[in-house]
Visitor: 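Once you've had a glance at the structure underneath, I'll fire off some questions.
Every chain is numbered from 1, with letters handed out A, B, ... down the list of sequences.
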Amino acid sequence: MGPSRPGSPTPSPATPTGRRSSPMGDPYEIGTGEHRAFWADAAADEVETRVGDPGEPIVIKGGVSPSGVPHLGHFNEIMRGYFVAEALRERGYGVRQVFTTDDRDRLRKLPRKLADLEWNVVGLGEVDAGALGRNLGNPYTDIPDPFGCCDSYGAHFTELLRRSAAAIGVPIETVSNTEQYESGGFDEAIAHVLENRETAREVLGEFQNKVDEEYVPFFAQCSECGHLTETITDVDLDAETVGYVCADVTAGDETIEGCGHEGTATFREGKLPWRFEWPAQWVTLGVDFEPFGKDHAEGSWPSGETIAREVFGLEPPVPMVYEWFTLNGEALSSSAGNLITVAEVLELLEVEVLRYFFTKNPQKQRDFDVGSLDRLVDEFDRFEAIYFGDVEADDTETELAERAYPMVAPENAGRDDRPIRIPYTFAAVLGMTDDRDLRVRMARRSGHLPENAAESEIDAALERVGKARAWAVRTDNAFNYRLAETLPDVEFDPATAAALDELADFISAESPDEGTLQEEIYETARRNDVPVGDLFEAGYRLFLDEDEGPRLGPFLAAMEESFVVDRLRRDR
RNA sequence: GGGCCGAUAGCUCAGUCAGGGAGAGCAUCUGGCUCUUAACCAGACGGUCGGGGGUUCAAAUCCCCCUCGGCCCGCCA
């Protein structure tokens, strides 16, 4: 389905198969031809058809404006490209994954939340908001870092992006737009656009009504106030300069006032408008594949690919649209402050689980529901188990696991042994105590740790406990409980008290295994005429100060016997 | 108003590109494990495939219309 553009004279005709043929690249059409279990292979198929010089590496690009705290949504730009890059590398191609930071863009509004380099998220009020406000309209790289640690506002948030890419284990080359402009990397593209500004006007005019005779596709930076102005009065191609007036600029609902200065700027002292800047990046970086969000699918992409062809004479990269994520059902937004950073996510999940999240079909909107993360982790565990052949699955699931797992967890793929995975909710249960030995005993008794597991394997498996515990605390769900270190304030009726004492005596005398102990709880309750449920509840109250908990027999059997006995007797 | 993406079991989703059997996991229920307690095993229940129309011997799948959620069609990016 080719995106039709306003003013397009010929609607795409239907082909006999029902699909429309179109000279335009369809950013929703990821891959044609044979069926692929993994979307990244379908995209890679498409990229392969446009490979030129086999000696040159394939270039896959993503990019964002460093406008605020990088959040989960931004990782589409990295992970979607990453999986396609890996699919191509696996086929023997050299691939560069570059990431452009659009840091010469204007700061248009103040974000509600910022974060320092350690990912501590703070409100706007905790930094010098006034200093930021005075910089509205200026390029991100010209604004002082509100935290004072990086060269600029743009550099600060670019650094956070770089760190989160590293945290998720994806090697990317970041390319700063500002540096590209300053070093002259865009000179040729700018000269080309300005030289052909008649064509540029015509082409952009097909997509945007406001393009008039005066329109010049370049913004100059005012030498007096630093604002980017759109009012270009003169173009000197030989000198590679433009004349400008620093006029008011409308950005969204706000008007950014210009200072009125009239001056001259070089091509390195300004920027291309986005609709031209994007194709200019393709030209200068030789981009072959680029994923982008649905917001670009109907506006930027059709104009971009047309500009690429008709202004730059360039075959645009293979496009791919991804749908947006929501967070707990709400739109993600840096500026509104509804966000979760990768650092936060990685406190709750192993990195391979997060990477797995991105193997799902990019064309479906997905909710990242923190409350249901256990389901995501369970799904990953199954995915992994299918890869290792430990569970049966249908062909589609099996193909996907075989293909994608090595890209999700390359350090585990191909190993004879596989990582031990404690189910996430059970790991949350283990989070009730910080005692490693107790965790190990409980996990063993529940069958989640093989008896012969090596210490290093156990340590690796227990890493999930801290994350699951963080999840239980963050969501304050049913798994958020702790082993009561001291005796909770409790009172029991005489029958229950007697039953608890008997149970203590039994454990002291018999040192029962978990099954025997579980059975004895029932027996003790019946002997003392206490409803079974009441005795269980008394147990949970004593040890967890909760009404419910994990299976009591294995739980008590796993703990140090003298402690259990004393606690049942309400001694400590 | 026009264009685009999505909607499949209670929940999370696969299957749609290539038309033919309504699927998986979880949850629930039942049974089992000397046992109501976040473990484990077995089985069962569960669907107008968002709605309607069309094409076809046959439609979740192709075509048209509609509903709902999201995006784009000003500027900016």
Side-chain angles (χ1 to χ4, degrees), chain A residues 1-6 8 11 14 17-19 26-37 42 63-65 67 102 105-106 108-109 207-210 219 228 230 249-254 256 273-275 277-278 293-302 321-324 326 329 331 360-367 369 372 374-376 378-379 381-383 386 391-397 400 423 425-426 428-429 442-443 445-448 477-479 481 514-523 525 531-533 535-537 539-540 547-555:
Chain A
M1 263 114 312
S4 74
R5 51 190 157 105
S8 176
T17 61
R19 296 197 68 81
D26 180 352
Y28 281 100
E29 175 69 61
I30 52 168
T32 52
E34 89 183 272
H35 170 77
R36 295 294 195 173
V64 297
S65 290
S67 57
D102 299 338
D105 294 355
R106 295 185 183 103
R108 291 191 301 134
K109 58 182 172 181
F207 301 93
Q208 298 190 334
N209 299 328
K210 284 232 167 150
F219 303 155
L228 290 166
E230 300 172 8
V249 171
T250 309
D253 298 332
E254 303 192 39
I256 297 166
W274 162 248
R275 297 283 178 124
E277 188 176 71
W278 203 20
K294 64 180 340 188
D295 54 330
H296 287 323
E298 299 297 323
S300 301
W301 169 254
V321 176
Y322 56 82
E323 284 282 330
W324 289 353
T326 53
K360 294 164 177 260
N361 186 347
Q363 284 181 28
K364 290 198 179 185
Q365 198 176 100
R366 272 169 223 285
D367 187 38
D369 181 3
S372 307
D374 54 324
R375 217 158 12 200
L376 178 64
D378 287 350
E379 221 180 274
D381 287 352
R382 177 179 161 82
F383 169 73
I386 291 169
V391 303
E392 301 231 343
D394 62 31
D395 291 350
T396 311
E397 266 189 301
L400 177 63
T425 52
F426 190 77
V429 169
M442 290 176 67
R445 307 250 179 174
S446 303
H448 294 308
N477 63 12
F479 299 95
Y481 50 72
E514 59 184 70
T516 310
L517 178 50
Q518 179 81 5
E519 174 59 17
E520 185 61 20
I521 297 169
Y522 289 92
E523 293 298 326
V532 171
L535 189 56
F536 274 101
E537 189 183 329
Y540 295 123
D547 297 333
E548 291 185 321
R551 198 168 160 83
L552 198 54
F555 172 40

Visitor: Return the pairing partner of rA24(B) with a 3.5 Å limit on both distances, Watson-Crick or G-U wobble; otherwise return none.
Guide: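 Pairing partner: rU12(B).
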Visitor: H296(A) NE2 to rA77(B) P: how many Å, rounded?
Guide: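 The answer, rounded to whole Å, is 11 Å.
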Visitor: Does N361(A) make a side-chain N or O approach to OP1 or OP2 of rC13(B) shorter than 4.0 Å?
Guide: no
Visitor: What is the nucleic acid contact for A331(A), judged by heavy atoms within less than 4.0 Å: base, sugar-phosphate only, or nothing?
Guide: nothing
Visitor: Would a line drawn from the ring center of Y522(A) to the ring center of F536(A) be shorter than 6.0 Å?
Guide: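 Between Y522(A) and F536(A), the centre distance is under 6.0 Å.
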Visitor: How long is the span from the CD atom in E323(A) to the NZ atom in K364(A), to the nearest 0.5 Å?
Guide: 10.5 Å
Visitor: Going by side chain to side chain donor-acceptor pair (under 3.5 Å), name the residues that satisfy it together with T516(A), two or more places apart in sequence or in a different chain.
Guide: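 T516(A) satisfies side chain to side chain donor-acceptor pair (under 3.5 Å) with D513(A) once adjacent residues are dropped.
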Visitor: For RNA chain B, whose closest nucleotide is more 5', that of A37(A) or that of F536(A)?
Guide: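 Residue closer to the 5' terminus by nearest nucleotide: A37(A).
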Visitor: For R275(A) and G299(A), work out which heavy atoms get closest and say how close.
Guide: NH1-O, 3.1 Å
Visitor: Does a side-chain N or O from K364(A) land closer than 4.0 Å to OP1 or OP2 of rG70(B), or not?
Guide: no
Visitor: Nearest whole angstrom, please: distance from the C1' of rC72(B) to the CG of D295(A).
Guide: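 To the nearest whole Å, that distance equals 9 Å.
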Visitor: Using the salt bridge (Lys or Arg N to Asp or Glu O under 4.0 Å) criterion, which residues pair with D378(A)? Sequence neighbours excluded.
Guide: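 D378(A) satisfies salt bridge (Lys or Arg N to Asp or Glu O under 4.0 Å) with no other residue.
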Visitor: Could you tell me whether Q208(A) contacts a base, only the sugar-phosphate backbone, or nothing, with contacts defined as non-hydrogen atoms closer than 4.0 Å?
Guide: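 If one applies the 4.0 Å heavy-atom cut-off, Q208(A) turns out to touch the sugar-phosphate alone, with no base involved.
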Visitor: In Å and rounded to the nearest 0.5 Å, what is the CH2 to CG distance from W324(A) to D295(A)?
Guide: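 Spacing of CH2 (W324(A)) from CG (D295(A)) equals 4.0 Å.
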Visitor: Rounded off to whole Å, could you give me the CH2-to-P distance for the W274(A) and rG74(B) pair?
Guide: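 The answer, rounded to whole Å, is 18 Å.
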Visitor: Pairing check on rU48(B): which nucleotide meets the Watson-Crick or G-U wobble criteria with it, both distances under 3.5 Å?
Guide: none
Visitor: From CD of E548(A) over to P of rU37(B), roughly how many Å is that when rounded to an integer?
Guide: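 For the pair E548(A) CD and rU37(B) P, the rounded distance is 11 Å.
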Visitor: Check every atom of rU8(B), rC71(B), rU34(B) against the side chain of W324(A) and return the nucleotide holding the closest atom.
Guide: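 It is rC71(B).
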Visitor: Who is the Watson-Crick or G-U wobble partner of rU34(B), with both distances under 3.5 Å?
Guide: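 Paired with rU34(B), as far as the under-3.5 Å criterion goes, is no nucleotide at all.
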Visitor: Kindly assign one of parallel, tilted or perpendicular to the pair W278(A) and H296(A), based on the angle between their ring planes and the thresholds 30° and 60°.
Guide: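 Correct class here is tilted.
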Visitor: Might you work through the side chain to side chain contact (heavy atoms under 4.5 Å, CB included) test for W301(A) and V321(A), ending with a clear yes or no?
Guide: CA-CA 10 Å; W301(A) 169 254; V321(A) 176; over 6 Å; no
Visitor: Taking atom P of rU37(B) as reference, at what distance in whole Å does atom CG of L517(A) sit?
Guide: 13 Å
Visitor: I want to confirm an ordering. Mapping K294(A) and E277(A) to their closest nucleotides on RNA chain B, which one lands closer to the 5' end?
Guide: K294(A)
Visitor: Look at all strands and tell whether Y481(A) reaches a base, only sugar-phosphate, or nothing, counting heavy atoms closer than 4.0 Å.
Guide: base
Visitor: Among residues at least two apart in sequence or on other chains, which ones pass side chain to side chain donor-acceptor pair (under 3.5 Å) with E537(A)?
Guide: none
Visitor: Determine which nucleotide pairs with rA7(B), using a 3.5 Å limit on both distances of a Watson-Crick or G-U wobble pair.
Guide: rU67(B)
Visitor: State the CD-CE distance between E514(A) and M442(A), to the nearest 0.5 angstrom.
Guide: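 One gets 10.5 Å once the value is rounded to the nearest 0.5 Å.
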Visitor: Could you pull out the protein-nucleic contacts involving nucleotides 23-25 of chain B (nitrogen or oxygen on both sides, under 3.5 Å)?
Guide:
{"from": "rA24(B)", "atom 1": "O2'", "to": "R382(A)", "atom 2": "NH2", "distance (Å)": "3.0"}

Visitor: Expressed in angstrom and rounded to an integer, what is the separation of E298(A) atom CD from rC72(B) atom P?
Guide: 10 Å
Visitor: G549(A) near the nucleic acid: base, sugar-phosphate alone, or nothing, with a heavy-atom cut-off under 4.0 Å?
Guide: base
Visitor: Once you apply a heavy-atom cut-off of 4.0 Å, does P550(A) come out as touching a base, just sugar-phosphate, or nothing?
Guide: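 Base, at least one base heavy atom under 4.0 Å.
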Visitor: Of all the nucleotides listed (rU12(B), rC4(B), rU37(B)), which has the minimum atom distance to the side chain of Y522(A)?
Guide: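 Out of rU12(B), rC4(B), rU37(B), the nucleotide with an atom closest to Y522(A)'s side chain is rU37(B).
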Visitor: Please report the distance, rounded to the nearest Å, between OH in Y322(A) and C1' in rC72(B).
Guide: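 Rounding to the nearest Å, OH of Y322(A) and C1' of rC72(B) are 15 Å apart.
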Visitor: Where the side chain of F219(A) is concerned, which of rA14(B), rA77(B), rU37(B) is the nearest nucleotide?
Guide: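 Looking only at heavy atoms from C-beta outward on F219(A), the closest nucleotide is rA77(B).
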Visitor: Nearest of rG69(B), rC72(B), rC5(B) to any side-chain atom of Q365(A)?
Guide: rG69(B)
Visitor: Would you please confirm or rule out a distance under 4.0 Å between OP1 or OP2 of rG70(B) and any side-chain N or O of R366(A)?
Guide: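 So the side-chain polar atoms of R366(A) never come under 4.0 Å of the phosphate oxygens OP1 or OP2 of rG70(B).
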Visitor: Within this structure, what is the OH-CZ distance for the pair Y540(A) and F555(A), rounded to the nearest 0.5 Å?
Guide: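 So the gap between those two atoms works out to 8.5 Å.
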Visitor: Pull out every protein N or O sitting under 3.5 Å from an N or O of nucleotides 39-46 of chain B, one pair per line with the distance.
Guide:
{"from": "rA39(B)", "atom 1": "O2'", "to": "S446(A)", "atom 2": "O", "distance (Å)": "3.1"}

Visitor: Identify, with sequence neighbours excluded, every residue that meets salt bridge (Lys or Arg N to Asp or Glu O under 4.0 Å) alongside K360(A).
Guide: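 In terms of salt bridge (Lys or Arg N to Asp or Glu O under 4.0 Å), with neighbours along the sequence ignored, K360(A) is linked to E379(A).
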Visitor: From the set rU37(B), rC5(B), rC71(B), return the single nucleotide nearest to any side-chain atom of Q363(A).
Guide: rC5(B)
Visitor: Taking atom P in both rC41(B) and rC26(B), compute the distance separating them and give it to the nearest angstrom.
Guide: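 Taking atom P in both rC41(B) and rC26(B), they lie 9 Å apart.
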Visitor: Considering only rG3(B), rA77(B), rU37(B), which nucleotide approaches the side chain of D102(A) most closely?
Guide: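 Nearest nucleotide to the side chain: rA77(B).
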Visitor: Is there a donor N/O on one and an acceptor N/O on the other, under 3.5 Å, for the side chain of S300(A) and the base of rA77(B)?
Guide: yes
Visitor: Starting at atom CD of E323(A), determine the distance to atom P of rC72(B), rounded to an integer number of angstrom.
Guide: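 Going from E323(A) (CD) to rC72(B) (P), I get 11 Å.
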